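Shown next, in structure tokens, is the structure this report addresses.
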Amino acid sequence: MGFGDLKSPAGLQVLNDYLADKSYIEGLPGVKKALGKYGPANVEDTTGNGAADNKDDDDIDLFGSDDEEESEEAKRLREERLAQYESKKAKKPALVAKSSILLDVKPWDDETDMVKLEECVRSIQADGLVWGSSKLVPVGYGIKKLQIQCVVEDDKVGTDMLEEQITAFEDYVQSMDVAAFNKI
């Protein structure tokens, strides 16, 4: 398809009408020019010939191809470093996961002996359980709850076990809640 003279308004109008519903022009052969031929006519081509550059590109292996074999020295060095890493890793002690738990222990009524309640709770002993500070917090109508802190090792002591043992003191304890649970 010919568009006529594109320097005239009529030729531009024909091209514009054609491109109104198309985004490209089909059938025109592309012209291959050297890169330096684009742009102003008086500028010198400094890009050189593309064929000469292809030889240099073959020497650079950006992705480290597997064609080359690993030298014996490199293998020995790698194995030595892996062995050092494994021995260093084996010496490192495993981290013990601990948690800080704040428990709310609620009595039956205002006549419950809170000192005896705290003694009962602190009498619970387990490997990985350390009792901390405690205080009495008013709930209402003269009733106070025991708020007690403990630190536990996660693998050895769980909140379910603590709840079962604390609520086993049925004469003093109505219920128990976990007020805060923080990983250390």
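What you see is a predicted model, and the numbers here were worked out from it, not measured in a lab. Along the sequence shown, residues carry numbers from 1.
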Sequence neighbours excluded - side-chain hydrogen bond (donor to acceptor under 3.5 Å, both in side chains) pairs with any residue from residues 175-184: Lys106-Asp177, Asp154-Lys183
Over-ring placement of Lys22 relative to Tyr18, 6.0 Å and 45° cut-offs: yes
Side-chain heavy atoms of Leu77 within contact of Lys75, under 4.5 Å: no
Beyond-backbone contact of Leu129 with Trp131, side-chain heavy atoms, under 4.5 angstrom: yes
Nearest-0.5 Å distance that lies between atom CD in Glu79 and atom CG in Leu82: 6.0 Å
Non-neighbouring partners of Val178 that pass side chain to side chain contact (heavy atoms under 4.5 Å, CB included), sequence neighbours left out: Ile101, Leu103, Thr159, Met176, Phe181
Arg76/Glu73 ion pair, N-O < 4.0 Å: yes
Joint cluster assignment, Val157 & Val151, ILVMFWY side-chain distance < 4.5 Å: no
Spacing of CD belonging to Glu164 relative to CD1 belonging to Ile124, to within rounding of 0.5 Å: 10.5 Å
Same cluster (ILVMFWY, side-chain, under 4.5 Å), Ile166 and Leu136: yes
Side-chain (Trp108) to main-chain (Glu170) donor-acceptor, under 3.5 angstrom: yes
Spacing of CD belonging to Gln149 relative to NZ belonging to Lys135, to within rounding of 0.5 Å: 10.0 Å
Min side-chain heavy-atom separation Lys144-Val139 under 4.5 Å: no
Note, Cys150 side chain near Val130 side chain (heavy atom, < 4.5 Å): no
Linked, directly or transitively: Leu102 and Leu146 (ILVMFWY side chains, under 4.5 Å): no
Derivation and outcome, side chain to side chain contact (heavy atoms under 4.5 Å, CB included), residues Asp17 and Gln13: CA-CA 6 Å; Asp17 293 341; Gln13 184 61 42; 2.8 Å; yes
Any side-chain heavy-atom pair of Ile143 and Pro107 under 4.5 Å: yes
Pair Glu118-Ser134, side-chain donor/acceptor within less than 3.5 Å: yes
Common cluster, Ile184/Ile148, ILVMFWY with side-chain heavy-atom separation under 4.5 Å: no
Set of residues satisfying side chain to side chain contact (heavy atoms under 4.5 Å, CB included) with respect to Lys116, sequence neighbours excluded: Asp113, Glu119, Cys120, Tyr172
Main-chain N/O of Asp171 paired with Gln174 side-chain donor or acceptor, under 3.5 Å: no
